[in-house]
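Side-chain atoms are counted along with the backbone in the values below, which use heavy atoms only and exclude waters and symmetry mates. Letters A, B, ... are given to chains in the order of the sequence lines, protein chains preceding strands, and every chain is numbered from 1.
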Amino acid sequence: MYSDLLHALPQVLGLTNFLAVTIGVIAGIVVGALPGLSATMAISVLVPFTFGLDPLVALGLMAGIYNGAMYGGAIPAVLLRIPGTPAAVATTFDGYPMAQQGQGGYALQVAVVSSSIGGIASAFALMLLAPPLSKVTLLFGPAEVFWIAVFGLCSIIFLLGGNVVKGLISACFGVFVSVIGSDPIFGNDRYTFGYLELLDGINIVILLVGLYALPPVIDLLEAPLKTENAASDNLGTEPIWRTLPRMMRFWKTWIRGSLIGIWIGILPGAGGSMAAFMSYNEARRASKTPDTWGKGEAEGVAASEVANNADTASALIPALTLGIPGTAVAAVMLGGLLIHGLQPGPMLFRDNPDVVFGFMWQFLFGAILLLFLGGSLATNSFAKLLKLPRPLLGSIIIVLMLIGVYSIHGRMFDVYLMLGFGAVGYLMDKLKFPLPPVVLGLILGAFAEENLRLALRIGRGDRSGLLANHTSQVLVAMTLAVVFGPGLKRRFWGNRNSGAQG
Amino acid sequence: MKTSIWALALATLAATPALAEYPEKPIEIIVGYSAGGGTDVMARTVGKFLEEALGGASVVVKNEPGAGGQIGFTHVAAAKPDGYTLGTFNMPAALALTYDRAADYDAKSFTYLANFVEDPNTIVVSKSSGYDTLEALIEDSRANPGAVTMGLSSLGGNDHFAALMMAKSANSEFTLVPFKGAALARTAMIGGHVAAGTMALSQTVGFEDQLKVLAVLSDERSPFAPDVPTAKERGFDVEMSSLRGVVAPVGLEPAVADKLLSALAAVNANPEFQKMMAEQGNPMNYIAGADFAAIAETQSEVARTIWETTPWK
Amino acid sequence: MSDTPKHRFLRPETLTAIGTIIVAAGFLLPTVDLRPLSALLPATMLVSLIVLGAIMLISDQRKAGSGQAARPMTKAPRRVLGAFALVVLYALGVDFVGFYPATAISVPLVAYAFGYRHPFGLALATLIVLVAIWLIFGFAMSQEFPTGRLWSM
């Protein structure tokens with residue numbers, strides 16, 4: 001296998017293939033950075049277009065876009081508090097406060113370095129450990145995946161914000177939205193009111209754009225033209241070689257975040273947002289100064305960005321070996337593989353080693369290129385874009401939001417749905433309801449339900465099946481440790497770090 | 001069946017002016033699933049060769065995913081039957097949808113042009129499950145009704161129908177576990193979380209080291225797996241498969257229909273096309289025109305019977 | 001109370017809480033028709049929303065009772081509503097008259113309405129946006145945008 005890996009290298013370094021990755025990374029950063037456009041949308045637009053392309057060119061573009069967009073999403077998250085992709089929600093927690101304190105440039109540098117590190121770690125996991133890690137995926141049946149989802153849902157308690165009641169309302173709202181569509185087992189309609197467009201559930205991008213992008217746009221328009229808050233004017237950018245030494249203290253967070261991202265990636269269905277949230281929570285719990293978090297702690301940006309990029313390549317491990325994608329973007333990319341006649345499965349590695357291993361190299365190069373392309377170039381040009389007069393910026397973002405939402409399924413219905421969520425989001429934003437619980441609730445609510453009901457069905461209603469094996473028991477223990485750990489830890493173990501990555 | 005379609009077609013012909021030179025603008029193939037699925041890839045491959053066969057016409061594949069394909073099927077059924085809107089058609093899924101929920105189309109809403117793929121269902125287990133023959137699996141399911149868990153890609157599809165028909169024929173009972181898609185069902189099976197599955201044969205290709213196909217639910221053994229017996233050989237008269245073809249709205253003008261049928265036949269006869277389809281792992285079964293319509297009628301009946309005897313909602 | 005000119009039931013949080021309760025209760029109606037297992041999660045969420053809404057209502061009314069002023073939602077409600085209306089109009093425009101015409105009108109209109117009034121800048125920005133979108137989506141990716149339902153009727 002490793003000789004195949006080396007064998008695939010020369011052609012990836014060929015001009016067109018390398019150019020594809022480069023273009024992909026740049027396109028990805030742009031797509032991620034433009035509020036309203038997402039990686040899911042970009043790749044789904046790209047997939048049919050690649051039918052006539054050489055497989056490695058097509059896959060290189062996709063690998064580049066995926067890597068680029070995961071970082072690109074951090075740019076508006078930091079500068080405008082609009083996460084460019086679902087996985088960048090956790091980046092807003094500390095990134096935006098940093099920008100307000102005139103440290104936007106540093107925040108973006110931390111984001112790009114962390115993204116690149118996460119991406120490289122993930123690419124190595126994909127290249128070297130795909131077959132053994134796919135065995136880990138096999139351990140997770142519906143019961144185990146259910147406990148993962150519960151574990152993720154429990155992290156909502158750390159995202160509730162100041163007002164617990166409002167935080168819980170947000171979470172319940174998110175979970176409720178997640179059940180709209182057809183029932184995961186019986187297939188009967190739930191709250192679709194006869195709209196076929198609702199049957200497959202509400203796409204996370206639609207909710208995200210509505211909740212997170214529309215309210216800030218309204219704010220952009222609401223404020224009279226010349227006001228305070230000129231955060232984007234002063235990014236406070238220093239040359240990266242001067243800021244890099246300051247980042248070295250994040251090494252623990254980088255390692256932890258990479259492991260969490262890779263781990264979440266190989267589990268089907270959870271995705272980059274959960275990885276970023278978990279990495280952020282764990283890093284904050286491990287921090288000596290948890291009070292500075294949420295107020296502009298650079299390590300928070302590092303934790304979120306390293307994990308959401310560490311999730312990219314590893315999400316392809318179950319996709320390539322078993323045909324089950326780890327994230328929404330990986331699902332779309334799987335389509336890109338199929339369109340080139342690459343059937344996922346263990347045989348894929350034997351039948352098409354050059355393409356598969358070439359694709360893995362492209363992921364690695366994409367992650368490395370990110371550091372160079374994402375650094376000064378992207379950051380500075382986007383900062384300039386955001387200096388546009390605010391009404392103009394607002395009106396352009398509105399157009400992008402419409403394109404981004406419309407292009408996912410090619411229908412206006414989704415746009416109207418997005419506007420509905422936008423109105424709700426504006427109210428929630430103004431009344432200080434926290435938005436992250438909604439996102440996590442939407443991602444994990446129905447996911448938990450589906451797997452619980454599958455597990456009960458497999459156990460024929462016998463609930464003990466849920467805890468029948470060691471994987472489940474470990475997961476439950478971990479959940480309990482995370483929820484009750486902080487209190488107990490202070491009491492018994494002092495400051496020792498209780499491990500939370502399985 | 002045949003006559004009714006042609007009668008309808010004739011009726012519309014009277015109302016529309018004769019076509020000068022079909023096609024004179026791009027032809028759209030509506031796919032009810034996202035880009036990159038099996039149906040989508042088939043549509044794109046057919047589309048590519050159809051352009052050639054129609055003498056350089058332009059064929060565009062348009063994805064309208066959602067509601068298990070229903071959004072796309074409905075669009076095709078409601079389109080103008082002028083030959084510029086075609087669609088992919090999946091059986092029995094597209095027809096099962098007309099029973100288990102309100103649908104704006106039925107088996108009679110289409111002009112059936114050509115079926116390309118017929119992917120037989122199987123009875124399959126994981127290599128580590130310990131089952132070596134279909135009989136052993138059936139025996140266990142009879143001894144302890146419901147103890148054998150069966151992973152499906154969804155309810156109301158060919159996997160589901162195959163499992164129900166198998167249970168009926170063998171006079172036994174399975175616990176049906178509908179996953180979201182065949183890949184998840186397959187993974188759960190390999191991981192030992194469910195005992196068996198009924199997935200289509202093409203879904204088992206590439207997993208020969210992990211899975212053991214016990215039987216193919218078709219009339220004859222499949223060239224893709226010549227060593228695997230059919231269920232019929234073992235005494236269970238069960239046939240179920242997933243069919244994928246191309247249809248047009250009902251009432252397609254005969255001149256256009258003829259042109260499309262001969263073009264599609266030319267596509268099918270093209271060795272390049274056959275090679276590409278085989279590389280994508282598609283078991284081919286070309287059925288055109290009235291024969292295709294007859295199969296649709298039969299499939300619709302099968303779905304109706306199953307829905308009436310064992311509704312799943 | 002004395003600080004706020006509005007009635008105590010018109011405080012934003014109170015209205016939101018009442019709205020939450022009403023909407024959640026409304027959604028409970030179709031829940032009754034679902035199978036028990038299918039209804040379990042949504043029903044739990046809706047009941048939780050009603051309970052949480054009630055708690056929010058009570059706590060906000062207590063605040064009102066103790067004379068705390070409600071935080072105003074926005075400094076300029078008319079601008080907010082105007083912005084929303086323009087966004088909705090734009091979406092309807094895309095749907096009915098087509099993406100490119102609606103965008104060509106909406107970009108300068110929104111920017112102009114909210115205070116950016118350089119004719120040259122407006123024209124240039126609109127042109128750049130339209131050309132860039134057409135080049136990337138229309139030309140390179142052959143993406144189709146709505147052409148307008150009005151014209152196809």
For [X] against [Y], the heavy-atom pair lying closest together:
| X | Y | value |
| --- | --- | --- |
| A:D189 | C:L34 | O-CD2, 3.7 Å |
| C:L41 | A:G445 | CD2-O, 4.0 Å |
| A:R190 | C:P42 | NH1-CD, 3.8 Å |
| C:A91 | A:M412 | O-CE, 3.3 Å |
| C:L37 | A:E449 | O-OE2, 4.2 Å |
| A:I218 | C:F84 | CD1-N, 4.1 Å |

Part of [X] lying under 4.5 Å from any heavy atom of chain C:
| X | answer |
| --- | --- |
| A:F49 | side chain |
| A:V179 | side chain |
| A:I398 | both |

Inset, instruction - Please look at C:Q143 and chain A and tell me whether the side chain, the backbone, both or neither of the residue comes under 4.5 angstrom of a heavy atom of that chain. - result: side chain
Legend entry - Residues of residues 126-138 of chain C with any heavy atom under 4.5 Å of a heavy atom in chain A: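 Only C:V129, C:I133, C:F137 of residues 126-138 of chain C have a heavy atom under 4.5 Å from chain A.
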Legend entry - Closest-packed option against chain C by number of heavy-atom pairs under 4.5 Å, given A:F186, A:F173, A:F433: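 Greatest number of close heavy-atom pairs with chain C: A:F186.
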Legend entry - Leading residue by heavy atom contact count with chain C [cutoff under 4.5 Å; candidates A:G410, A:C172, A:G394]: A:C172
Legend entry - Gap separating the CG atom of A:D183 from the CZ atom of C:R35, nearest 0.5 angstrom: 8.0 Å
Inset, instruction - Hey, could you give me the NZ/OG1 distance between A:K430 and C:T16, rounded to the nearest 0.5 Å? - result: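 So the NZ of A:K430 and the OG1 of C:T16 are separated by 13.5 Å.
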Inset, instruction - Could you label the plane-to-plane angle of the A:Y191 and C:F27 rings as parallel, tilted or perpendicular, counting under 30° as parallel and over 60° as perpendicular? - result: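 Ring orientation, 0 to 90° scale: perpendicular.
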